[in-house]
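What follows is a short report on a single structure.
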Number of protein chains: 2
Amino acid sequence: MLVTSAAGVPGSPPAGRAKLADVAALAGVSVGTASKALSGAGRMRPETRQRVLDAVEALGFRPNQHAQSLHTGRSWTVGLMTTDGIGRFSTPVLLGAEDALGAGKISVLLCDTRGDAIREQHHLRNLMDRRVDGIIVTGRRTDPRPPLTGITGLESVPVVYALSPSTDAADTSVVTDDRGGAQLAVEHLLSTGRTRVAHVTGPEHHAAARDRARHAVGHLCAAGLSPSTGRVHFGEWSEAWGRRAADAVLRTAPDTDAFFCGNDQIARGVTDALRERGVSVPEDIAVIGYDNWDTMALASRPPLTTIDMNLAEIGRVAALQLLRAIDDADATPGVHTVPCRLVVREST
Amino acid sequence: MLVTSAAGVPGSPPAGRAKLADVAALAGVSVGTASKALSGAGRMRPETRQRVLDAVEALGFRPNQHAQSLHTGRSWTVGLMTTDGIGRFSTPVLLGAEDALGAGKISVLLCDTRGDAIREQHHLRNLMDRRVDGIIVTGRRTDPRPPLTGITGLESVPVVYALSPSTDAADTSVVTDDRGGAQLAVEHLLSTGRTRVAHVTGPEHHAAARDRARHAVGHLCAAGLSPSTGRVHFGEWSEAWGRRAADAVLRTAPDTDAFFCGNDQIARGVTDALRERGVSVPEDIAVIGYDNWDTMALASRPPLTTIDMNLAEIGRVAALQLLRAIDDADATPGVHTVPCRLVVREST
DNA sequence: AGAATGTGAGCAACCGTTTTCCTGAGCCGA
DNA sequence: TCGGCTCAGGAAAACGGTTGCTCACATTCT
């Protein structure tokens, strides 16, 4: 007897995926009862529940999420918008978020805007159409960004900004602690006896460079010191800049005994320049980087002491904040800061 | 008059998001007609259609995807499983895929297994529950991997393997052309007059290292040559190995005039070692890398000529294959190869 | 013994769209 | 003027679950 539909003939296996009706039929109960048996809601004889559970097992039944979402209005999905590619910075954030969300039954919809406003609107509309439960926005820079906007209905979906905070203080943002990071770096250098510290970092129009520089100088001042060259060296986030800057610093302040660099690339450039000048690291001059970008920090000679921003933790905290906003609707708006971590290697 | 529901009182704005019923009511047609007006199906007076369209506009209506998916069985979603973190290799693949898919109305569900089989099963089940239209699996290595399995119903969902092919030849896989890449590198070196080529690469248990080495040697042979040291130098994918290997090679075969390296890290290590020995690149010895990992290739002194695997293209082709498999069900199983690209910089 | 209470399970409405019929009106030719 | 067309638009049945309500029956209390 060939039966292609799941219709009423008892004993005929339902074609395709089993639906709740099939389970109910096999267990000899109604669809509603089967549903209750699965959800745990409603009271029923344990034996009945077990029959349903057995039927589920036998048929390999899995509920259709679209049906559930349609009814409950929840999609168990969050959008993850990366505004600037998926690079070295957003990847750990993204993984941290995915980790925290995936632990529940929430999945992540990936949207990459490539920094394009049109694309952002497109993705945003898409996410709203899919009725996502929330959105995480992450960029690769720590500079604040304007909040999501332009799509009707957005106000009803919680949004958390990770790494790049929203310019609107009423939004929820999770950012790295540049102040603490600078403090860790400076205090580490001071604790190893250095007093003539130079600071070489990226372009001044990057908030990360400005903030770290400001706090580095602040912490030096607090210890009664100042940058060995009397100023901060802004430039690029590159090795080449690190090499050039190292030469410039040593020309200006030959007694410099430590470099605090704005990222690991600069730090690597500095160590290379020092080595080529015959200066030994860390005996003569200590070098500390920032980012703990392993391929840079470990390949450097010697391997770099550096500051780790705990990017995955930022992603995780952002996800947790989002979950709170979704579930309890009592999220704590404002800026949340994730502390950095000092990773000591051989360059200090 | 307070009305909280969208119920029948004409003139009362529907609460929350507009549904098709609201549109229909505003346009003075039935729900079914409104649906037809939007989908373009069915015949109707242009003026009626326009009334519906106006109502859609006025209400900012957007269809509920869950309802659509429930009915049509399509979720307009594909799963993207990365098996080993989201690293340097899977990221471009992922972006390429997202790009190709997002152009349509398909969104990407991100799943990271961290190389854990349990997690893979978990995500797989999740994707099936969400009734994804297809799955792309990508790893960070080019070694073949076992096909997805273990979840009932999987056979009805098209799967494409990107970067890491499936061990099952009946599956659809999109991989890089290691043979062509090796050929590009060797021919480039030969075309610039080099004849004593050394090959330094990663661990022999990596397919990428083995394949590139085999084909490199093959192409040298085809030109009547052989590796300058008489063998391939397997090691690690690191700069430190590149430096050590460079020394070893020059000790064995001082007349070596070119290095073909298995990746850019090794190539960078080689150039560093050469520079420190006072050997000038490319005048005395040419160096070519592999991967076109910009932070390595560009930071190297001199910047590296290298082979670009066109990873984004691999992702794009995988997505396209998946779309074909989804739509036409006439995908072409087997292994698809994406050609590499020679990027000439100053090290050759 | 009859009523009050409790409990297990089914019925049916509902979530928001799509799609398949089906009706009724208008138009044509005979 | 009437039968058969075409065509616009409506009614309703899916899609696959969830859930409030109802009902029948069993138990216990007065």
Side-chain angles (χ1 to χ4, degrees), chain A residues 5-8 14-53 55-56 59-76 105 128-131 153, chain B residues 5-8 14-53 55-56 59-76 105 128-131 153:
Chain A
S5 87
R17 300 175 79 85
K19 58 176 95 167
L20 193 53
D22 302 322
V23 172
L26 183 56
V29 297
S30 74
V31 177
T33 303
S35 173
K36 286 169 196 159
L38 290 187
S39 68
R43 314 198 52 72
M44 60 196 310
R45 219 176 307 155
E47 146 202 344
T48 307
R49 183 185 307 274
Q50 194 53 53
R51 272 216 317 284
V52 173
L53 262 27
V56 165
L59 269 45
F61 168 80
R62 304 241 82 209
N64 183 321
Q65 284 234 6
H66 295 303
Q68 298 192 150
S69 295
L70 175 57
H71 187 266
T72 62
R74 282 202 58 170
S75 63
W76 299 99
K105 46 180 298 196
M128 298 304 293
D129 288 354
R130 291 179 187 277
R131 303 296 194 270
Chain B
S5 86
R17 300 175 78 87
K19 58 176 95 166
L20 193 51
D22 301 323
V23 171
L26 184 57
V29 297
S30 75
V31 179
T33 304
S35 173
K36 286 173 203 157
L38 290 187
S39 69
R43 315 196 49 73
M44 60 196 311
R45 220 176 307 154
E47 144 203 344
T48 306
R49 183 184 307 274
Q50 193 53 52
R51 269 212 322 282
V52 173
L53 262 28
V56 165
L59 268 44
F61 168 80
R62 306 241 79 208
N64 184 321
Q65 285 234 6
H66 295 303
Q68 293 186 274
S69 295
L70 174 58
H71 189 266
T72 61
R74 281 203 59 171
S75 63
W76 298 99
K105 45 180 298 195
M128 298 303 292
D129 288 355
R130 291 179 187 278
R131 304 295 195 272

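A note on names: the letters A, B, ... follow the listed sequences, proteins ahead of strands, and every chain is numbered from 1. Being a predicted model, the structure only gives us computed values, none of them experimental.
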A/Leu20 and A/Leu38, any side-chain heavy atoms less than 4.5 Å apart: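 The answer is yes; the side chains approach within 4.5 Å.
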
Using side-chain heavy atoms (C-beta onward) and a distance below 4.5 Å, is B/Gln50 in contact with B/Glu47?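 B/Gln50 does not reach B/Glu47 side chain to side chain.
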
How far does [atom1] of [X] sit from [atom2] of [Y], to the nearest 0.5 angstrom?
X: A/Arg49; Y: A/Thr33; atom1: CZ; atom2: OG1; value: 10.5 Å
X: A/Lys105; Y: B/Arg130; atom1: NZ; atom2: CZ; value: 8.0 Å
X: A/Ser30; Y: A/Lys36; atom1: OG; atom2: NZ; value: 7.0 Å
X: B/His66; Y: A/Asn64; atom1: NE2; atom2: CG; value: 11.0 Å
X: A/Thr48; Y: A/Leu53; atom1: OG1; atom2: CG; value: 11.5 Å

Encoded 5' to 3' (Watson-Crick or G-U under 3.5 Å; [ ] crossing; | other strand), DNA chain C becomes ||||||||||||||||||||||||||||||

Going 5' to 3' through nucleotides 8-18 of chain C and flagging B where a protein heavy-atom sits under 4.0 Å of the base, S where only the sugar-phosphate is that close, and - otherwise, we get SSB---BBBSB

